[in-house]
Amino acid sequence: MSKPSEAAADETFLRDLHWILKAWFGKRSWLIIPFDDTFKKEVRKAAHRLDPLSDLNIADACWDIDAITGRLWDAIDELRITGEAARLVSGSKAIHHLLPELAPPIDNEYSGKFSFYDRAIHRRNKGQRLEGDYFKVIFPSFVDLAQYLNSREDFRAYLGRGYNTSVTKTVDNAIIGYMEAKA
């Protein structure tokens with residue numbers, strides 16, 4: 001696997017990442033900053049911070065989960081690719097493309113409503129959630145779910161097919177399917 005900084009050095013990768021983030025944000029795509037030197041600098045800065053994690057896989061969590069959770073959150077929290085203070089969704093989605101085998105893409109619609117965490121207990125300051133605390137619960141729970149699902153042959157059969165590009169994205173797709181079936 002290549003290092004995140006190698007991917008971020010590639011102008012085409014950065015342009016594609018910007019396009020994907022805007023597409024993922026849909027109607028709220030205006031929140032993603034323009035593709036310019038600031039966007040490139042932010043992604044490259046995060047990528048260099050993430051290089052030491054490039055060999056880790058969420059399904060093989062034989063590493064210190066608390067330490068890795070903290071390092072991922074620090075990178076997400078420092079990544080300024082939107083014009084607003086909330087960074088969990090935009091940062092996790094960007095970092096997912098730098099570390100696809102480790103970092104899940106998190107959203108508010110599916111993984112945010114999945115029963116990882118009762119977000120209501122972490123509201124303060126006029127309803128703003130504490131994103132770092134939220135991530136520090138979601139990521140280890142995502143690791144547990146990824147390890148469980150990856151141990152199942154029927155799950156592994158989906159890997160590498162269609163939008164199931166990695167274990168993290170396949171788990172995310174399973175959550176989306178579950179939430180849509182539950183609705």
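Keep in mind that what you see is a predicted model, and the values were worked out from it rather than measured. Residues take their numbers from the sequence shown, with the count starting at 1.
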Can you give each donor-acceptor pair under 3.5 Å made by side-chain atoms of residues 19-26, sequence neighbours left out, with the distance rounded to 0.1 Å?
{"from": "Lys22", "atom 1": "NZ", "to": "Ser29", "atom 2": "O", "distance (Å)": "3.1"}

(Q) Test of understanding: with ring pair (Phe, Tyr, Trp, His ring centres under 6.0 Å), list the residues that count as partners of Phe139, not counting sequence neighbours. (A) Phe135
Q: Please tell me if the side chains of Lys169 and Pro104 come closer than 4.5 Å, counting only heavy atoms from C-beta onward.
A: no
Q.
For Leu72 and Leu50: C-alpha separation, side-chain torsions, deciding distance, then whether side-chain contact (heavy atoms from CB on, under 4.5 Å) applies.
A. CA-CA 8 Å; Leu72 287 172; Leu50 297 168; 4.0 Å; yes
Q.
Is the shortest side-chain heavy-atom distance between Ser54 and Ser2 below 4.5 Å?
A. no
**Q.** Matching residue for Leu102 among Asp60, Ile68, Asp55 - test: side chain to side chain contact (heavy atoms under 4.5 Å, CB included)
**A.** Ile68
(Q) Contact between Arg49 and Asp74 at the side-chain level, heavy atoms closer than 4.5 Å - yes or no? (A) yes
**Q.** Thr12 side chain near Asp16 side chain, heavy-atom distance below 4.5 Å
**A.** yes
Q.
Less than 4.5 Å apart, side chain to side chain, heavy atoms only: is that true for Leu79 and Ser90?
A. no
Q.
Strictly distance-based, threshold 3.5 Å: is any side-chain N or O of His97 a donor or acceptor partner for the main-chain N or O of Leu17?
A. no
Q.
If you define the side chain from C-beta out and look only at heavy atoms, does anything of Thr38 sit under 4.5 Å from Lys41?
A. no
Q: Please test Leu53 against Arg71 for side-chain contact (heavy atoms from CB on, under 4.5 Å), starting from the C-alpha separation and ending with a verdict.
A: CA-CA 9 Å; Leu53 308 180; Arg71 289 183 78 167; 4.3 Å; yes
Q. Taking Ser92 for the side chain and Pro105 for the main chain, is one N or O donor matched with an acceptor at less than 3.5 Å?
A. no
Q | Spatial distance of atom NZ (Lys40) from atom CD1 (Ile81) [nearest 0.5 Å] | A | 15.0 Å
Q) When rounded to the nearest 0.5 angstrom, what distance separates CG in Asp107 from CE in Met179? A) 9.5 Å
Q: Output yes when Lys3 and Glu6 qualify as a salt bridge under the 4.0 Å nitrogen-oxygen rule, no when they do not.
A: no
Q) What distance separates Ile106 CD1 from Ile76 CD1, expressed to the nearest 0.5 Å? A) 6.0 Å
Q: For the pair Arg87 and Glu78, find out whether any cationic side-chain nitrogen is under 4.0 Å from an anionic carboxylate oxygen.
A: no
Q.
Determine whether Glu101 and Ile58 satisfy the following criterion, side-chain contact (heavy atoms from CB on, under 4.5 Å), listing intermediate values before the conclusion.
A. CA-CA 6 Å; Glu101 298 300 330; Ile58 198 167; over 6 Å; no
